[in-house]
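Atom set for the values below is all heavy atoms of this structure, side chains included, hydrogens, waters and symmetry mates excluded. Order of listing sets the numbers, starting from 1, for every ligand and every atom in it.
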Amino acid sequence: MLKFKLSKVTSTQDFAEAISSMLYEDFLVIAEEQTKARGRYKRAWYSPKGGLWFTYVKKNFNAEEIPVATLKASLAVRESLSSFFDAKIRWPNDVVVNDKKVSGILIEAIYAGDATDLFIGVGINTNVKEFPPDIKATSILLETGKEVNNDELLNNVISKMDYYLTLKEDFEEIVGKINNYLSIKDKKVVITRKDETKVECTALFVDKFGRLVTDCGIFEVEDVLRVESK
Ligand code: BTN
């Protein structure tokens with residue numbers, strides 16, 4: 001597969017989106033450092049040297065499969081990280097250990113006629129030594145005391161993503177797998193809506209439409225900015 005390895009870039013998503021129309025096969029963009037990386041809803045994503053920051057581009061992706069692809073990407077990253085610790089999924093797209101975020105996934109798509117390019121942006125805090133005080137996150141290094149080989153981990157994540165993305169299971173079955181690893185199951189959480197209002201609920205499970213079911217309502221992925229454990 002084509003790989004673009006950059007030492008510094010604004011965002012691997014930006015770079016991948018800029019070159020995608022010139023390429024006709026799946027490719028990877030990896031950066032040692034990002035200066036303007038983004039998370040969901042354009043939030044900033046802290047990406048110093050040491051972490052694993054990449055965008056995996058799937059060309060000519062079936063647009064109908066995008067919702068299930070985001071869940072599959074989370075399953076793949078969780079599974080890769082489970083070789084280091086008890087990694088779980090915090091709905092919708094975070095991978096956490098002991099309630100602290102260790103990885104985030106951002107899926108974007110560019111539609112051009114029938115062909116859709118899918119940009120799977122993955123940030124994994126591998127060898128990040130410290131975080132600014134306002135960021136509640138951890139890294140593999142901080143949790144295990146060991147340096148991670150980013151190239152090996154990248155290969156592992158990509159092979160798991162390829163496995164899940166070609167799996168023919170439907171949305172409901174994939175949601176079943178997500179529920180097995182849901183970090184917030186039966187926990188009190190504070191949900192921040194897109195308009196920044198907050199509500200405290202007990203998270204129950206993810207339903208067959210991919211929504212979070214709680215004791216105070218059902219939440220769609222698009223309506224939620226953040227979910228935090230109490
Ligand atoms: C989130 O938790 O909101 C998603 C974070 C996604 C971060 C990754 S790092 C590689 C890629 N490039 C970006 O600018 N963002 C994603």
key: K59 side chain to T116 side chain, donor-acceptor N/O pair below 3.5 angstrom   = no

inquiry  = Could you check whether S7 and E32, counting side-chain N and O atoms only, form a donor-acceptor pair closer than 3.5 Å?
reply    =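 The answer is no; no qualifying pair exists.
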
task = Check the pair D162 / Y56 against side chain to side chain donor-acceptor pair (under 3.5 Å), numbers first and verdict last.
result = CA-CA 10 Å; D162 285 340; Y56 183 26; 2.6 Å; yes

key: Presence of salt bridge, D151 and K5, under 4.0 angstrom   = yes

ask   = Salt bridge or not for K177 and E79, using N-O below 4.0 Å?
value = no

How far is [atom] from its nearest protein heavy atom, and which residue and atom is that?
| atom | result |
| --- | --- |
| atom 3 (O) of ligand 1 | R40 N, 2.7 Å |
| atom 5 (C) of ligand 1 | W45 CE3, 3.5 Å |
| atom 9 (S) of ligand 1 | Q34 NE2, 3.3 Å |

Taking 4.0 angstrom as the limit and counting only heavy atoms of [X], give me the atoms of ligand 1 inside it, by number and element.
| X | result |
| --- | --- |
| K101 | 1 (C), 2 (O) |
| F54 | 10 (C), 11 (C) |
| T12 | 10 (C), 11 (C), 12 (N) |
| I105 | 4 (C) |
| G39 | 1 (C), 3 (O), 4 (C), 5 (C) |
| S11 | 12 (N), 13 (C), 14 (O) |
| R43 | 3 (O) |

query = Is the closest side-chain heavy-atom distance between I105 and T70 below 4.5 Å?
reply = no

key: Distance-only N or O hit between ligand 1 and R38, under 3.5 Å   =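 Yes.
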
Distance-only N or O hit between ligand 1 and K36, under 3.5 Å = no

request  = Mind running side-chain contact (heavy atoms from CB on, under 4.5 Å) on V102 and L81 for me, showing each step along the way?
outcome  = CA-CA 9 Å; V102 71; L81 298 189; 3.7 Å; yes

task = Answer side chain, backbone, both or neither: which part of V122 comes under 4.0 Å from ligand 1, heavy atoms only.
result =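 Answer for V122: backbone.
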
ask   = How far apart are the C-alpha atoms of R193 and D223, what are their side-chain angles, what is the distance that settles it, and do they pass the side-chain contact (heavy atoms from CB on, under 4.5 Å) test?
value = CA-CA 6 Å; R193 300 189 191 92; D223 299 332; 5.9 Å; no

message = Please determine whether the number of non-hydrogen atoms from other residues, nucleotides or ligands lying under 6.0 Å from atom NZ of K49 exceeds 12.
response = no

